[in-house]
Amino acid sequence: MSTLPRRAALALPALLLARAARAAVVLPDRIAQGALVIGRADPGTRLTFEGRAVRVSSGGVFAFGLGRDAGAHAALGIVSPDGRREERPFAVASRQWDIQRLNGLPGRMVTPDAEALARIRAEQERLNAARRTDTATPYFAEGFAWPAEGRISGVYGSQRILNGEPRAPHLGLDIAVPVGTPLHAAAGGRVTLAEDLYFTGNTMLIEHGHGVTTLYAHMSRLDLREGDAVSRGQVIGLSGATGRVTGPHLHLGLFWLSTSLDPRPVLP
């Protein structure tokens with residue numbers, strides 16, 4: 001009966017371990033509902049999450065996001081540079097959501113008429129198109145800065161009761177600041193939308209690479225236009241009370257493509 005040479009026999013277990021080794025993909029230790037997940041992988045790795053491609057930079061940085069109601073378990077699809085495939089499961093920590101009651105809103109801002117609904121639908125299509133922007137430079141990897149300093153008047157995920165009527169959850173962070181307060185870009189990138197919208201008033205979206213986008217709503221003045229490049233900390237306009245508001249504030253949103261995320265954990 002033939003046998004392997006001793007040297008080959010000793011090398012075989014190491015070879016098997018190497019073949020079974022997991023791809024070098026690093027995720028945060030804790031991932032919660034509403035999180036922007038930033039990780040690292042070997043350059044050339046291909047990733048997918050919930051059927052969508054996850055862009056990996058030339059340096060191996062990637063990002064994806066989990067919605068407010070994400071389940072307790074999720075998985076990242078991985079194809080390593082040498083073609084090996086695997087699915088990397090991870091746990092998703094659940095969160096408790098506040099209930100926020102807002103009264104005194106104009107009726108048209110709670111139950112819009114048919115004409116307003118047509119406008120809202122058209123604006124939502126433009127918002128969706130802007131949020132699908134997915135460019136290559138990972139500005140988000142430089143970190144985020146506060147766009148304004150003020151009292152937190154609304155948090156991500158809270159169930160909204162408007163004039164006594166249940167409505168969709170609040171998917172952003174509200175910072176109460178006086179009208180005319182300078183607002184700063186939370187990170188570098190490019191403006192993908194800047195216009196007056198029904199619910200959010202003067203609104204600006206900035207894409208920070210890989211489909212990561214911030215939204216600035218209820219502004220009194222927009223200083224940039226679609227297509228403008230922007231650097232972190234740059235003044236992009238002034239705060240206001242436009243759209244559906246009960247007082248002046250900045251609504252800061254965060255997205256990965258079409259998924260709304262919680263801005264607070266990425267801010268210092």
Side-chain angles (χ1 to χ4, degrees), residues 19-93 124-144 156-157 171-172 185-193 204-215 226-227 229-230 232 252-263 265-266:
R19 286 178 176 171
R22 305 177 93 194
V25 174
V26 180
L27 294 171
D29 292 336
R30 183 180 184 274
I31 298 173
Q33 291 172 320
L36 173 64
V37 180
I38 299 176
R40 289 190 173 272
D42 287 336
T45 301
R46 287 177 289 149
L47 304 174
T48 56
F49 181 66
E50 295 184 340
R52 292 181 288 186
V54 176
R55 187 187 288 269
V56 181
S57 75
S58 58
V61 176
F62 65 86
F64 64 93
L66 290 92
R68 172 188 186 271
D69 300 318
H73 303 282
L76 189 65
I78 303 170
V79 180
S80 62
D82 64 5
R84 287 181 293 115
R85 296 176 179 270
E86 69 171 276
E87 192 171 80
R88 183 73 56 84
F90 58 89
V92 179
Q124 189 62 52
E125 290 179 4
R126 295 199 294 277
L127 278 166
N128 291 342
R131 294 191 304 179
R132 286 193 294 268
T133 305
D134 180 1
T135 59
T137 304
Y139 293 102
F140 65 87
E142 300 173 356
F144 293 83
Y156 173 90
L171 298 177
R190 190 169 296 275
V191 177
T192 55
L193 184 143
M204 186 177 297
L205 271 68
I206 302 174
E207 197 257 349
H208 309 291
H210 295 210
V212 177
T213 295
T214 48
L215 175 148
E226 183 177 336
V230 61
R232 181 174 59 179
L252 176 66
L254 176 67
F255 302 91
W256 178 63
L257 301 174
S258 60
T259 302
S260 297
L261 311 175
D262 187 356
V266 306

Output the distance between atom OH (Y156) and atom CG (L261), rounded to the nearest 0.5 Å.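 Y156 atom OH to L261 atom CG measures 6.0 Å (nearest 0.5 Å).
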
Non-neighbouring partners of R126 that pass salt bridge (Lys or Arg N to Asp or Glu O under 4.0 Å), sequence neighbours left out: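 Counting only residues at least two positions away or on another chain, R126 forms a salt bridge (Lys or Arg N to Asp or Glu O under 4.0 Å) with E195.
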
Can you list everything that forms a side chain to side chain donor-acceptor pair (under 3.5 Å) with T214? Sequence neighbours excluded, please.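 Partners of T214 by the side chain to side chain donor-acceptor pair (under 3.5 Å) criterion, ordered by chain and then number, come out as H208, Y216.
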
What do the steps show when you test V37 against L66 for side-chain contact (heavy atoms from CB on, under 4.5 Å), and what is the final call? CA-CA 8 Å; V37 180; L66 290 92; 3.5 Å; yes

Atom pairs and distances, donor-acceptor, side-chain atoms in residues 41-62, under 3.5 Å, two or more places apart:
from	atom 1	to	atom 2	distance (Å)
T45	OG1	D42	O	2.6
R52	NH1	S258	OG	3.3
R52	NH2	T259	OG1	3.1
R55	NE	D134	OD1	3.0
R55	NE	T135	O	3.4
R55	NH2	D134	O	2.8
S57	OG	G59	N	3.2
S57	OG	G60	N	3.2
S57	OG	V61	N	2.9

Without swapping roles, check the side chain of W256 against the backbone of A35 for a donor-acceptor pair under 3.5 Å.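 Pair absent, no side-chain N/O of W256 close to backbone of A35.
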
Atom CG of L193 and atom CD1 of I206: how far apart are they, to the nearest 0.5 Å?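 That separation rounds to 11.0 Å.
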
When rounded to the nearest 0.5 angstrom, what distance separates CZ in R232 from OH in Y139?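 Rounded to the nearest 0.5 Å, the CZ-OH separation comes to 12.5 Å.
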
Mind checking what makes side chain to side chain contact (heavy atoms under 4.5 Å, CB included) contact with A63, not counting sequence neighbours?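 Only L36, I38, F140, V212 meet the side chain to side chain contact (heavy atoms under 4.5 Å, CB included) criterion with A63.
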
Show me the pairs that pass salt bridge (charged side-chain N to carboxylate O under 4.0 Å, His left out) and involve residues 58-82, at least two apart or across chains.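 Checked against salt bridge (charged side-chain N to carboxylate O under 4.0 Å, His left out) - neighbours excluded - the pairs reaching residues 58-82 are D82-R84.
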
Show which side-chain atoms of residues 23-31 pair as donor or acceptor with protein atoms under 3.5 Å away, not counting sequence neighbours.
none

Distance check, rounded to the nearest 0.5 Å: E207 atom CD versus T137 atom OG1?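 Spacing of CD (E207) from OG1 (T137) equals 9.0 Å.
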
Which atom pair, heavy atoms only, marks the closest approach of V92 to A70?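 Heavy atoms of V92 and A70 come nearest at CG1-CB, 4.3 Å.
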
For the student: nearest non-hydrogen atoms of G143 and A187, plus distance: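 The pair with the smallest heavy-atom distance is O-CB, 3.9 Å.
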
Would you mind writing out the side-chain donor-acceptor pairs for residues 71-78 within the sub-3.5 Å range, not counting sequence neighbours?
none

List for me each residue that meets side chain to side chain contact (heavy atoms under 4.5 Å, CB included) alongside Q124, sequence neighbours excluded, and say none if there are none.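 Side chain to side chain contact (heavy atoms under 4.5 Å, CB included) list for Q124, sorted by chain: L127, N128, R131.
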
Which pair of heavy atoms, one from H210 and one from A136, lies closest together, and at what distance?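 Smallest heavy-atom distance, with atoms named: NE2-O, 3.1 Å.
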
